[in-house]
Amino acid sequence: MRKPIIVANWKMYKTRVEAEQFCEEIRPLLAGQDKVDAAICAPALQLDILKAKLQNTGIGVGAQNMYPAAEGAFTGEISPRMLQDMGIDYVIIGHSERREIFKEDNELIKAKVKSAYEYGLCPILCVGERLEQREAGETVEVCAGQLLSALEDLTAEEVEQMIVAYEPIWAIGTGKVATAQDAEDTIKALRQAIADKYGAATAEKVRIQYGGSVKPENVKELMAQPNIDGALVGGASLKPESFAKLVRYQEA
Ligand code: PEP
């Protein structure tokens, strides 16, 4: 059985004081909750606050990006070694905002995924198609291509442990959600692509999330799909009450 995992992606929101306030409020709201894994991926400048304030809560802490080198002349970047040093659990890799705005390609993303494992970080690998690719019927081809490229240098054991987030670009921050059935169909196809390359037993263990305008109102229907194991959530993760409702979707 794959344990569901709901992850907040705060993107470039929240000051340190706001992050601290969020932690104070989320602690009681998620106290005692252990049916679903929960994590918050925050801007790098807030990670130390989350680590300190979420201690012993079971809520994981993640970064939103990293550069695939231990250290070096990479001005402005953060290394996996630095994240490991801080005790960070997860790192989002290949978010569509990184692919589209910062022109990250599959080669760089592959190197980042490999590097995350070298430093004990669990990658949350994002894949997703543009609207025109969906309309041209290329969704599975595009997403499976991004996925298999990123997995190329991994062992089956590493593949099993990773988290994949299927995030159609047209659904991110737009209020347009893929139907639960559409999300399920694509995620099922991605699981099959993993099975074809690494075997069914490995594919059955990989947790694959859906992301794109997930809210407390639609999370239950998405999570009811057999292949959807969680959600990566931007906008609706910024308020403690809303994030707590997402994590506690089974109780609604
Ligand atoms: C995201 O940031 O990965 C995301 C899915 O954003 P939103 O939930 O706001 O669409």
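Both counts, for ligands and for their atoms, begin at 1 and track the order of listing.
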Cut-off 3.5 Å, no hydrogens considered: what does the side-chain donor-acceptor table look like for residues 81-88, sequence neighbours left out?
residue: Arg81; atom: NH1; partner: Glu71; partner atom: OE1; Å: 3.3
residue: Gln84; atom: NE2; partner: Tyr119; partner atom: O; Å: 3.2

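- The side-chain hydrogen bond (donor to acceptor under 3.5 Å, both in side chains) search around Asn106 returns Arg99, not counting sequence neighbours.
- Using a cutoff of 4.0 Å between basic side-chain nitrogens and carboxylate oxygens, Lys239 and Glu25 are not scored as salt-bridged.
- For Asp37, the side-chain hydrogen bond (donor to acceptor under 3.5 Å, both in side chains) partners are Lys3, Arg207, not counting sequence neighbours.
- Residue-level contacts of ligand 1 at the 4.0 Å heavy-atom threshold are Asn9, Lys11, His95, Glu167, Ala171, Ile172, Gly173, Gly211, Gly212, Ser213, Leu232, Val233, Gly234, Gly235.
- Looking at Asp105 and Arg98, no side-chain N of the basic residue comes within less than 4.0 Å of a carboxylate O on the acidic one, giving no salt bridge.
- The aromatic rings of Phe22 and Phe243 sit tilted relative to each other, their planes meeting at an angle between 30° and 60°.
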